[in-house]
Number of protein chains: 2
Amino acid sequence: MQKKTRNTTAKQEILKLIANAGQALSHVEIQQQLNNLCDRVTIYRVLNRLVEEQKIHKIVNTDGVVNYAACHDCEHHHHNDNHVHFSCTICKSVTCLDNIIPTFQLPADYLMQEMNFMIAGICPNCKA
Amino acid sequence: MQKKTRNTTAKQEILKLIANAGQALSHVEIQQQLNNLCDRVTIYRVLNRLVEEQKIHKIVNTDGVVNYAACHDCEHHHHNDNHVHFSCTICKSVTCLDNIIPTFQLPADYLMQEMNFMIAGICPNCKA
DNA sequence: TTATTTAATGCAACTTAGTTGCAAATATAA
DNA sequence: TTATATTTGCAACTAAGTTGCATTAAATAA
Ligand SMILES: [Mn+2]
Ligand SMILES: [Mn+2]
Ligand SMILES: [Zn+2]
Ligand SMILES: [Zn+2]
């Protein structure tokens, strides 16, 4: 018997935030924008649930902090986040470059389960 | 006046460990193998110095924890760690796949400073 | 609508990774 | 050998994330 997930206010609001953000959001950024709607632990738990339900995906930044972005075509690709992510060292924005998909050949004896491609640098906004 | 780095015992031992390991090592793994040679804070500081001196490079794992590996051809490539890294979900080993270099085209208005390509899955040893 | 069930939440406490300030130790060069 | 500045140890701290448990509130059935 698989437990069924509930559509709580916290979950709705957090998903809305992430879906409408033009960039990937960290836990702290979400907490700030939620304005005490719920406890910080609840945010963590909701985020984990949304990842499990494949509505959002995790992006591990170069400093180890996790950011979350809405999934666009994860269903098609078995939730492999196969595109490149960009982390701006100036404005701190983290974005999905959805159509930049690196090509590489992993040796046959490796089994791939998860990908995290992160590039840090200066984004177009900050470069201009 | 740039401050000049010293060749301390801790530094020598830590570099030796990393250079001789067949895989990337985390801070805890290094600490365990050092057997109380020095304080954990010293390990952190030595690791940071070795990274600055481009003798080792950082690899951020999918759980956000940093692993360190010896640099082979970082000098040639401006210390860009441009190859793929593999993190085994079973034996927890983290390895540099030095010759697996993804190709992709970053839009011209992005400036790349750092790369972290991580793939998690099952390594050849654990698959067999 | 109300009652029942079970998932979700809040809160406090905890873990793990990494950083910082400062006094004491030590590598290097004069 | 002595002087100088780098490195170290220690204690305290921060930041990210997790866990246990009692309470609350969705979803569903009556
Ligand atoms: Mn993405
Ligand atoms: Mn590497
Ligand atoms: Zn920017
Ligand atoms: Zn393995």
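In what follows, chains are A, B, ... by sequence order, proteins preceding strands, each numbered from 1. None of these values were measured; they are calculated from a predicted model.
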Quiz item: Of the nucleotides C/dG10, D/dT8, D/dT19, which one has an atom closest to the side chain of A/Val41?
Solution: D/dT19
Quiz prompt | Selected nucleotide, minimal atom distance to A/Arg45 side chain, candidates D/dT8, C/dG10, D/dG9 | solution = C/dG10
Self-check item: Closest to the B/Asn7 side chain, choosing from D/dG9, D/dA16, C/dT28
Solution: C/dT28
Quiz item: Rounding to a whole Å, what distance do you find between B/Ile14:CD1 and D/dT8:P?
Solution: 8 Å
Self-check item: C/dA8 phosphate, OP1 or OP2, under 4.0 Å from A/Thr42 side-chain N/O
Solution: no
Practice problem: Between D/dG17, C/dT19, C/dA8, spot the one nearest the side chain of A/Thr5, thanks. | Solution: C/dA8
Quiz item: Among C/dT9, D/dA5, D/dA27, which nucleotide sits nearest the side chain of A/Arg49?
Solution: C/dT9
Practice problem: Classify the side-chain pair A/Lys58/B/Thr62 by whether it contains a donor and acceptor separated by less than 3.5 Å. | Solution: no
Exercise. Take atom OH of B/Tyr44 and atom C1' of D/dT14, then tell me their distance rounded to the nearest Å.
Key: 13 Å
Quiz item: Of the candidate nucleotides D/dT8, D/dA16, C/dG18, which contains the atom at the shortest distance from the side chain of B/Thr8?
Solution: D/dT8
Quiz prompt | Among D/dT8, C/dA27, D/dT18, the one nearest A/Asn48 by side-chain distance | solution = D/dT18
Self-check item: Atom CG of B/Asn36 with >12 non-hydrogen neighbours under 6.0 angstrom
Solution: no
Quiz item: What do you reckon, is CG of A/Asn125 surrounded by more than 12 foreign heavy atoms closer than 6.0 Å?
Solution: no
Quiz item: Hey, are A/Thr9 and A/Gln12 close enough side-chain-wise for a donor-acceptor pair under 3.5 Å?
Solution: no
Quiz prompt | Residue A/Arg6, side-chain heavy atoms: nucleotide from C/dG18, D/dG9, D/dA25 that is nearest | solution = D/dA25
Quiz item: What is the distance from NZ of B/Lys11 to P of C/dT28, rounded to the nearest Å?
Solution: 9 Å
Quiz prompt | A/Lys58 NZ - D/dA16 P separation (whole Å) | solution = 14 Å
Quiz item: Whole Å only: how far is the CD atom of B/Glu29 from the P atom of C/dT16?
Solution: 15 Å
Exercise. Specify the separation, in whole Å, of atom NZ of A/Lys4 and atom P of C/dA8.
Key: 12 Å
